[in-house]
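Just so we're on the same page: letters track the sequence lines, and every chain starts at 1.
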Amino acid sequence: NAGVTQTPKFRVLKTGQSMTLLCAQDMNHEYMYWYRQDPGMGLRLIHYSVGEGTTAKGEVPDGYNVSRLKKQNFLLGLESAAPSQTSVYFCASSPLVGQKKDTQYFGPGTRLTVL
Amino acid sequence: GQQVMQIPQYQHVQEGEDFTTYCNSSTTLSNIQWYKQRPGGHPVFLIQLVKSGEVKKQKRLTFQFGEAKKNSSLHITATQTTDVGTYFCAGSSSNDYKLSFGAGTTVTVRA
């Protein structure tokens with residue numbers, strides 16, 4: 001199992017450009033999450049999904065959109081990138097039931113720089 | 001909304017010494033989790049505490065959940081260079097599958 005994978009690993013954008021970050025998990029997890037990590041601020045939840053076809057806003061959703069058309073994939077979109085969106089983005093997934101319920105499994109991250 | 005505060009933000013430790021990092025929530029938690037992130041890496045799950053007053057050990061790491069389920073601590077004994085990284089606590093409330101992460105404690109070790 002690959003676990004949680006993210007593409008791309010690095011990206012540099014100019015202000016106003018758009019892009020999509022892809023997260024994929026092969027663990028058949030129901031829940032998926034997108035976080036951003038900034039120095040001294042821990043992990044902040046952007047959007048999350050409790051199942052295929054459903055998404056919800058997290059703590060810092062402005063400027064981002066998400067889609068979960070397939071259970072294994074969770075896409076994070078930036079329609080018009082801003083320098084304030086320079087960050088490391090982590091995707092995570094967690095199972096609905098079982099011994100490790102609520103445990104989140106993180107992808108390797110995407111380092112995004114917006115100039 | 002739920003807030004999780006974590007102190008200290010930085011911990012510089014001499015190899016072989018002990019240290020503790022603390023986590024406090026503004027609300028009662030249903031469970032608390034701890035994650036470790038190595039430099040340049042991603043957060044990795046360490047442990048979950050669910051019961052009031054629960055204490056769990058993983059080798060040199062001791063995790064504790066407060067009686068009121070609003071605070072937690074991680075104590076590391078005889079720190080080693082392999083303990084370098086950032087330790088995050090993360091809590092969730094009842095019926096809420098979202099985690100609120102603390103800002104993390106970044107640990108550096110002097111050999």
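For the atom pair OH (A:Tyr48) and CG (B:Leu99), the distance works out to 12.0 Å, reported to the nearest 0.5 Å. Rounding to the nearest 0.5 Å places CG of A:Leu43 at 6.5 Å from CD of B:Gln37. One distance of note links CD of A:Gln37 with NE2 of B:His42; it measures 12.0 Å at 0.5 Å rounding. In this structure, B:Gln33 CD and A:Ser94 OG are separated by 8.5 Å, a value rounded to the nearest 0.5 Å.
The candidate from A:Ala92, A:Gly40, A:Ala56, A:Gly109 with the greatest count of non-hydrogen atom pairs under 4.5 Å with chain B is A:Gly40.
Within a 6.0 Å sphere centred on CD of B:Gln58, heavy atoms belonging to other residues, nucleotides or ligands number more than 12. Residue B:Met5 places its CE atom among 12 or fewer non-hydrogen atoms of other residues, nucleotides or ligands, all under 6.0 Å distant. Counting non-hydrogen atoms of other residues, nucleotides and ligands closer than 6.0 Å to CZ of A:Arg44 gives a total above 12.
A:Val60 and A:Val66 fall within the same hydrophobic cluster, defined by Ile, Leu, Val, Met, Phe, Trp and Tyr side-chain heavy atoms under 4.5 Å apart, directly or through other members. When hydrophobic clusters are built by joining Ile, Leu, Val, Met, Phe, Trp and Tyr residues whose side-chain heavy atoms come closer than 4.5 Å, directly or via intermediates, A:Ile46 is grouped together with A:Met19. With hydrophobic clusters built from ILVMFWY side chains whose heavy atoms lie under 4.5 angstrom apart, B:Leu49 shares a cluster with B:Leu61. Under the 4.5 Å side-chain contact rule for hydrophobic residues, B:Val84 and B:Ile76 share a cluster.
Only the side chain of B:Tyr35 comes within contact range of chain A, with at least one heavy atom under 4.5 Å from a heavy atom of that chain. Residue contact with chain B, scored on non-hydrogen atoms closer than 4.5 Å, involves the side chain of A:Val50 exclusively. Of the two parts of A:Leu45, only the side chain, counted from C-beta on, holds a non-hydrogen atom closer than 4.5 Å to a non-hydrogen atom of chain B.
Summarising the geometry of A:Phe90 relative to B:Gly41, their closest heavy-atom pair is CZ-O, 3.7 Å, with the distance given to 0.1 Å.
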Exercise. Take A:Gln104 and B:Phe45 through the side chain to side chain contact (heavy atoms under 4.5 Å, CB included) test and state the conclusion after the steps.
Key: CA-CA 7 Å; A:Gln104 295 195 7; B:Phe45 174 80; over 6 Å; no
